[in-house]
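Single-structure report; data block below.
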Amino acid sequence: MNSFSIALLIIGVTFDLFGCIGLIRLPDIYNRLQSATKCVTLGTCSILLSLFIHYGFTPVGIKALIAIPLLFFAATVGAHALSRGSYIYGIKMTDKTIRDDYKKEFKK
Amino acid sequence: MKYITLFICMLLLWLLLTFNLHSANIIIGIVASLVVMMLFGNKFFKDWQKFYNPLRYLWGIVYLIFFIWECLKANFDVAYRVLSPKMPIKPGILKVKCTLKSDIAKTFLANSITMTPGTITVDVIDNHLFVHWIYVSSQDPNVYTKKIAGRFEKLLKKVFE
Amino acid sequence: MINILLYVLIFLSFVCFIRILFGPSMADRMVAIDIFGTLVVGICVLLVYKTGRLFLIDIAIAWILLSFIGTITLAKYLTRKKLDE
């Protein structure tokens, strides 16, 4: 293994760690989704990129490269659907919230 | 013509995913792409001419580089907020106006906003995006619209419209 | 080296399980399940390095798609509509 792919692996696992710390520490579901989508998705993308650098243009490397945009769209669309669903379900935001424009759309 | 564009896209994706050029593999790819074309052809984009314009791909690459840079900034921003002991968060949901017209451009704008520092798109209603921001730094509509959506809109207009 | 990173990722999956067990509401559990699906992809890639079996990357791609469909279905269920709408 070359050192660049090892560095990408370590960076990816570190960002996964930050994302999971955020999952435990942050106060409500919307903030947890923030740390979840950004840190964990980017960390896993970095791990996949290290696989591509290690194997080069072989079937495995190309598959790892294709998995990156798939993971991106899966994570972002999933986060969007989850946040909208939990708002409609009626989960309250945390006390630190200072502004909520979305509430007016549901006062029918 | 719409159907043929979808067929070419699917065949290219299949060849990338399997990555060998045996004749059996190519025949399977053609049959699978034909089935997909028959089933979902009428749900494909209406403006298929945009696929054959090489300038759009060039702007797409510029957009991709800009987007990866923003993603890296987003990571460090969220990591800082998670790790600092006082947790400097000030969340809120804001209403952001967007000037893009086509659906695919709006989809990409929402996805980009989800991946940039501290923002996540909750809903899209007509021309307004509802964005959850982890640290609301200003409540003036002009300022936060420029801060959240303005960076991407110029590039996305060149790529998709 | 690979072993340590693998242990870290498995530990993180257990952290997700804590959120699944004690999450105050249903949506919190769903977020944890979503993250767990992403972590399993990372575990698959590290297993490719460790064992050298190349088919594991196919499992990773299939896992991404299945976890995406699962998340969308659960989110749709949260909005209390029928699933075929």
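Each chain gets a letter, A, B and so on, in the order its sequence line appears, and its residues count up from 1.
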For residues 30-47 of chain C, tabulate all N or O donor-acceptor pairs below 3.5 Å that involve a side-chain atom, not counting sequence neighbours.
{"from": "C/D34", "atom 1": "OD1", "to": "C/T71", "atom 2": "OG1", "distance (Å)": "3.3"}
{"from": "C/T38", "atom 1": "OG1", "to": "C/D34", "atom 2": "O", "distance (Å)": "3.2"}

Q) When rounded to the nearest 0.5 angstrom, what is the spacing between OG in C/S67 and CD1 in C/I72? A) 9.5 Å
(Q) Taking side chain as everything from C-beta outward and backbone as N, CA, C, O, which of these in C/L12 sits under 4.5 Å from a heavy atom of chain A? Side chain, backbone, both or neither. (A) both
Q. Do you know which of A/L70, A/L51, A/T37 has the most heavy-atom pairs under 4.5 Å to chain C?
A. A/L51
Q | Considering all heavy atoms, the nearest C/A27-A/I29 contact | A | CB-CD1, 3.1 Å
Q) Can you name the residues of residues 12-21 of chain A that have some heavy atom under 4.5 Å away from a heavy atom in chain C? A) A/V13, A/D16, A/L17, A/C20
Q: Output the distance between atom NZ (C/K50) and atom CG (C/L56), rounded to the nearest 0.5 Å.
A: 12.5 Å
Q | Residue A/T58 versus chain C: region with a heavy atom under 4.5 Å | A | neither
Q | Heavy-atom proximity to chain C below 4.5 Å, by part of A/S86 | A | both
Q: Drop me the distance from A/I68's CD1 to C/I64's CD1, to the nearest 0.5 angstrom.
A: 9.5 Å
Q: Please collect all salt bridge (charged side-chain N to carboxylate O under 4.0 Å, His left out) contacts where either partner lies in residues 7-22 of chain C, sequence neighbours excluded, each pair once.
A: none
Q: Please state whether the side chain, the backbone, both or neither of C/L65 comes within less than 4.5 Å of a heavy atom of chain A.
A: side chain
(Q) Determine whether C/L54 and A/Y55 satisfy the following criterion, side chain to side chain contact (heavy atoms under 4.5 Å, CB included), listing intermediate values before the conclusion. (A) CA-CA 10 Å; C/L54 301 181; A/Y55 281 96; 3.7 Å; yes
Q: Determine which pairs satisfy salt bridge (charged side-chain N to carboxylate O under 4.0 Å, His left out) with at least one residue from residues 30-45 of chain A, sequence neighbours left out, and list them in order.
A: A/R32-C/D28
